[in-house]
2 protein chains.
Amino acid sequence: MPADFGPESPLPAQPTASDATVAAVLDALAFNDKGLVPAIAQDAGTGEVLMMAWMNAEAIAETLRTGRITYWSRSRGALWRKGESSGHVQRLVEFRYDCDGDTVLVLVAQTGPACHTNRPNCFFNAVRDDRIEVISDPVA
Amino acid sequence: MPADFGPESPLPAQPTASDATVAAVLDALAFNDKGLVPAIAQDAGTGEVLMMAWMNAEAIAETLRTGRITYWSRSRGALWRKGESSGHVQRLVEFRYDCDGDTVLVLVAQTGPACHTNRPNCFFNAVRDDRIEVISDPVA
């Protein structure tokens, strides 16, 4: 199966979703006992997995309606419009969810680094040569 | 940042980890109140996000020691050696974890379809043209 991302086959921008589609998506999802689902953000151009955060129904509705990725901050107990303080916003390219409806995958166009450490993505700790290595640097 | 996967730059196979490295990884991770972390499996060759499941300390240790992806099945309450019944095993190419240590990303070499529906990956529901579409078929 060819990957459906990559510079040679960019996905179209996601139009905003109607109320009916938002309702259908929310109905299809299986939220956990805290009303959340994990959401994986993947760069729509490179395929890089950028981060994982959580969404509740309100965050999903806002993401689908506005085309801007919005999570639920468990620490703040509030909607987290990605990039609202850093400017490192994520534009929705495509919204997907899995077979069980308990995990979301958002393909995004990322502005700036995705990670709060200023690294391109959050998964910069890797086991290589039988030790833990930090495999990317913060961008200037 | 260039993606570090793709046919032109295959990652080396992951050697098995020593007890010291397993202990260091477990120490660096922040397990939830059920002793679990979400684990995202990504195809090391194509960058395709295959699935998301959960790992506990034992599953992570086994994954690192054997090079075969092992999850924790929340429904069965037991280790889930991916592919043990289907044959659709995942070989570990690289083990990574994120900035907060609360999410794992495993780059894998997947045998057969990753999804229990026999689709290549679990994220086959997509919002396109303001409706939910199934974007892949089960493989024969």
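Residue numbers begin at 1 in each chain, while the letters A, B, ... track the order of the sequences. Computed from heavy atoms alone, side chains included, the values below leave out hydrogens, waters and symmetry copies.
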Engineer: List the steps, then state whether side-chain contact (heavy atoms from CB on, under 4.5 Å) holds for B/F124 with A/D98.
Structural biologist: CA-CA 6 Å; B/F124 54 79; A/D98 73 349; over 6 Å; no

Engineer: Grouping I, L, V, M, F, W and Y whenever their side-chain heavy atoms are under 4.5 Å apart, do B/V89 and B/L64 come out in a common cluster?
Structural biologist: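 No; tracing contacts between hydrophobic side chains, which count when under 4.5 Å, never links both residues.
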
Engineer: Determine the minimum heavy-atom distance between A/Q42 and B/G47, stating which atoms define it.
Structural biologist: NE2-O, 2.9 Å

Engineer: Contact part of A/V104 toward chain B, heavy-atom cut-off under 4.5 Å: side chain, backbone, both or neither?
Structural biologist: backbone

Engineer: Name each donor-acceptor pair under 3.5 Å that joins a side chain in residues 112-120 of chain B to protein atoms two or more places apart or in another chain, with its distance.
Structural biologist:
{"from": "B/T117", "atom 1": "OG1", "to": "B/R119", "atom 2": "N", "distance (Å)": "3.4"}
{"from": "B/T117", "atom 1": "OG1", "to": "B/R119", "atom 2": "NH1", "distance (Å)": "3.3"}
{"from": "B/N118", "atom 1": "ND2", "to": "B/V139", "atom 2": "O", "distance (Å)": "3.2"}
{"from": "B/R119", "atom 1": "NE", "to": "B/S136", "atom 2": "O", "distance (Å)": "2.8"}

Engineer: Between A/T21 and B/D130 (side chain of the first, backbone of the second, donor and acceptor by atom type, cut-off under 3.5 Å), is there such a pair?
Structural biologist: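 Yes, the answer is positive, given that a donor and an acceptor are paired below the 3.5 Å cut-off.
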
Engineer: Counting heavy-atom pairs under 4.5 Å with chain A, which one of B/N125, B/D100, B/D102, B/V22 comes out on top?
Structural biologist: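 Top option by heavy-atom pairs under 4.5 Å: B/N125.
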
Engineer: Should A/F31 and A/F95 be regarded as members of a common hydrophobic cluster, given that ILVMFWY residues are connected when their side-chain heavy atoms come within less than 4.5 Å of each other, either directly or indirectly?
Structural biologist: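 Same cluster: A/F31 reaches A/F95 through Ile, Leu, Val, Met, Phe, Trp or Tyr contacts under 4.5 Å.
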
Engineer: Given heavy-atom pairs under 4.5 angstrom as the criterion, report whether the side chain, backbone, both or neither of A/I40 touches chain B.
Structural biologist: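 Contact with chain B involves the side chain of A/I40 alone.
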
Engineer: Among residues 68-75 of chain B, which residues come closer than 4.5 Å to chain A, judged by heavy atom distances?
Structural biologist: B/R74

Engineer: Quick one: are B/R96 and A/R128 in side-chain contact, heavy atoms under 4.5 Å?
Structural biologist: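 They are in side-chain contact.
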
Engineer: Quick one: which of B/S18, B/P38, B/A20 has the most heavy-atom pairs under 4.5 Å with chain A, could you say?
Structural biologist: B/S18

Engineer: Where do A/I132 and B/Y97 come nearest, in terms of heavy atoms and distance?
Structural biologist: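 Looking at all heavy atoms of both residues, the closest pair is CG2-OH, 3.3 Å.
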
